[in-house]
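Report on the structure given below.
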Amino acid sequence: MRIATWNVNSITARLPRLLAWLENTGTDVLCVQETKCSDEQFPYDQLRELGYEAAVNATGRWNGVALLSKVGLEDVTPGLAGGPDYEGVQEPRAVSATCGPVRVWSVYVPNGREIDHAHFAYKLQWFEALKAAVAEDAAGSRPFAVLGDFNVAPTDDDVWDTSVFEGMTHVTPAERAALAALREAGLSDVVPRPLKYDKPFTYWDYRQLCFPKNKGMRIDLVYGNEPFSKAVSDAYVDREERKGKGASDHAPVVVDLDV
DNA sequence: ATGTCGTTCACGGAACGA
């Protein structure tokens with residue numbers, strides 16, 4: 001079974017590439033982030049033609065997540081129970097479902113913006129709620145994973161230049177402690193292999209030729225429980241998908257499982 | 001170069017988020 005996560009930065013803008021990528025890779029389950037569309041705008045029909053059911057939590061211009069599956073889609077739960085509001089609203093940043101033998105979450109963790117911004121406190125609260133919401137499945141015997149854009153680089157090796165990130169979000173001890181808490185709950189980081197260069201970056205800013213210069217970060221993560229992690233036969237970043245015109249600023253992370 | 005994208009609002013280009 002092939003499972004992947006991809007922040008597409010608008011599923012509408014990315015649809016031709018998304019459909020081609022799904023066909024070419026034969027992905028069974030895809031966790032999508034930043035759909036940037038409403039439920040009405042979601043391309044259910046085109047995806048169904050390729051054999052995918054979709055579970056969607058999306059409201060419009062910002063955020064939005066989905067799960068695409070051709071191996072079943074049961075017990076769909078949109079949202080993060082107990083999660084914080086931001087400016088009075090529960091943003092669409094999580095959706096979970098059972099896809100065949102695996103229980104899966106697609107998450108888009110808040111960015112945080114600046115360390116002293118209210119969005120940063122919101123990010124940390126969101127992580128707390130996520131840990132509480134997944135604890136039971138993380139400790140369970142069914143293969144379980146949280147996949148998505150975590151907006152945190154787990155270690156200094158996961159950014160292209162640590163000096164650039166001093167005083168910035170994505171690398172702070174508080175954010176890394178939030179990831180550590182998820183690991184303590186029974187999840188482990190399924191680190192993909194890079195297809196080129198030495199580090200498995202998953203995101204490169206559109207600006208300043210970051211991708212050609214490989215000024216990237218690893219912020220799209222796969223956090224699996226023990227039964228999931230044991231079943232992993234391969235994991236890689238599909239950096240080819242970051243190339244060329246019409247690319248997202250994130251590359252897909254692909255995981256192959258023996259389940 | 002705050003150098004790129006994507007969306008919205010509203011109908012060209014700014015504002016916003018990432």
Side-chain angles (χ1 to χ4, degrees), chain A residues 5-21 31-43 46 56-66 83-94 106-127 147-154 158-161 163-172 174-175 178-179 201-221 237-253:
Chain A
T5 182
W6 189 10
N7 179 326
V8 294
N9 186 22
S10 171
I11 200 167
T12 310
R14 217 62 58 215
L15 192 60
R17 286 183 81 128
L18 172 65
L19 297 174
W21 186 85
C31 302
V32 183
Q33 301 85 39
E34 285 207 82
T35 58
K36 290 186 168 176
C37 68
S38 64
D39 190 57
E40 298 75 50
Q41 297 165 314
F42 194 86
Q46 293 96 319
V56 178
N57 182 13
T59 54
R61 183 179 189 182
W62 303 118
N63 314 307
V65 290
D85 290 358
Y86 187 70
E87 294 180 342
V89 297
Q90 281 268 332
E91 296 178 317
R93 294 181 175 276
S106 175
V107 300
Y108 178 47
V109 176
N111 173 288
R113 300 185 189 166
E114 313 283 338
I115 288 170
D116 56 1
H117 197 286
H119 210 259
F120 188 76
Y122 167 58
K123 180 179 195 174
L124 297 179
Q125 288 163 6
W126 205 92
F127 267 121
L147 300 92
D149 179 353
F150 283 64
N151 269 316
V152 180
D158 296 311
V159 296
W160 58 277
D161 182 351
S163 68
V164 169
F165 291 90
E166 277 176 37
M168 311 252 288
T169 63
H170 294 60
V171 299
T172 65
E175 290 163 284
L179 291 182
F201 295 149
T202 65
Y203 163 81
W204 301 259
D205 198 301
Y206 283 125
R207 292 167 286 191
Q208 297 176 293
L209 300 173
C210 281
F211 182 65
K213 294 175 180 171
N214 199 33
K215 294 181 173 181
M217 307 171 76
R218 185 171 75 93
I219 56 175
D220 299 272
L221 308 178
V237 181
D238 189 357
R239 74 184 298 285
E240 294 300 306
E241 192 51 48
R242 179 62 180 78
K243 291 182 177 178
K245 209 158 177 59
S248 170
D249 43 0
H250 296 250
V253 178

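We name chains A, B, ... by the order of the sequence lines, and we start the count at 1 in each one.
- Note on A:R113: a side-chain N or O is less than 4.0 Å away from OP1 or OP2 of B:dA18.
- Here A:Y108 lies in heavy-atom contact (under 4.0 Å) with sugar-phosphate atoms only.
- One atom, CD of A:Q33, and another, P of B:dA18, lie 14 Å apart when rounded to the nearest Å.
- The separation between A:D220 atom CG and B:dA18 atom P is 15 Å, rounded to whole Å.
- B:dG12 and B:dT7 have their C1' atoms separated by 16 Å, with the value rounded to a whole Å.
- Candidate nucleotides B:dT2, B:dG17, B:dA18 were compared by shortest atom distance to the side chain of A:N111, and B:dA18 ranks first.
- Atom CG of A:N7 and atom P of B:dG6 are 12 Å apart (whole Å).
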For this session: Show your working on side-chain hydrogen bond (donor to acceptor under 3.5 Å, both in side chains) between A:N9 and A:K36 and close with a plain yes or no.
Result: CA-CA 7 Å; A:N9 186 22; A:K36 290 186 168 176; 2.7 Å; yes
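- Each of A:L209 and A:E34 was assigned the nucleotide of DNA chain B with the nearest heavy atom; the assignment lying further toward the 5' end belongs to A:L209.
- Protein atom CH2 of A:W204 is 16 Å distant from nucleotide atom P of B:dC5, rounded to whole Å.
- The nearest whole Å value for the distance from the CG atom in A:D149 to the C1' atom in B:dG6 is 15 Å.
- Ring planes of A:W6 and A:W21: tilted class, angle from 30 to 60°.
- With B:dT7, B:dG17, B:dG6 as the choices, the nucleotide that has an atom nearest any side-chain atom of A:R14 turns out to be B:dG6.
- Ring to ring, A:F120 and A:H117 are not that close: their centroids are 6.0 angstrom or more apart.
- Atoms CG (A:D205) and P (B:dG17) sit 16 Å apart, rounded to a whole Å.
- When each of A:T12 and A:K213 is assigned the nucleotide of DNA chain B bearing its nearest heavy atom, the one mapping closer to the 5' terminus is A:K213.
- We find that CD of A:Q41 is positioned 15 Å from P of B:dG6, with the value rounded to whole Å.
- One can place CZ of A:R207 at 14 Å from P of B:dG6, the figure rounded to the nearest angstrom.
- In A:Q41, the CD atom is crowded: over 12 heavy atoms of neighbouring residues, nucleotides or ligands sit closer than 6.0 Å.
- Remark: the separation of the C1' atoms in B:dA10 and B:dA15 is 13 Å, to the nearest Å.
- When distances run from any side-chain atom of A:R61 to the nucleotides B:dG6, B:dT7, B:dT4, the shortest one goes to B:dT7.
- Checked by atom type, the side-chain pair A:E241/A:S248 shows no donor-acceptor distance below 3.5 Å.
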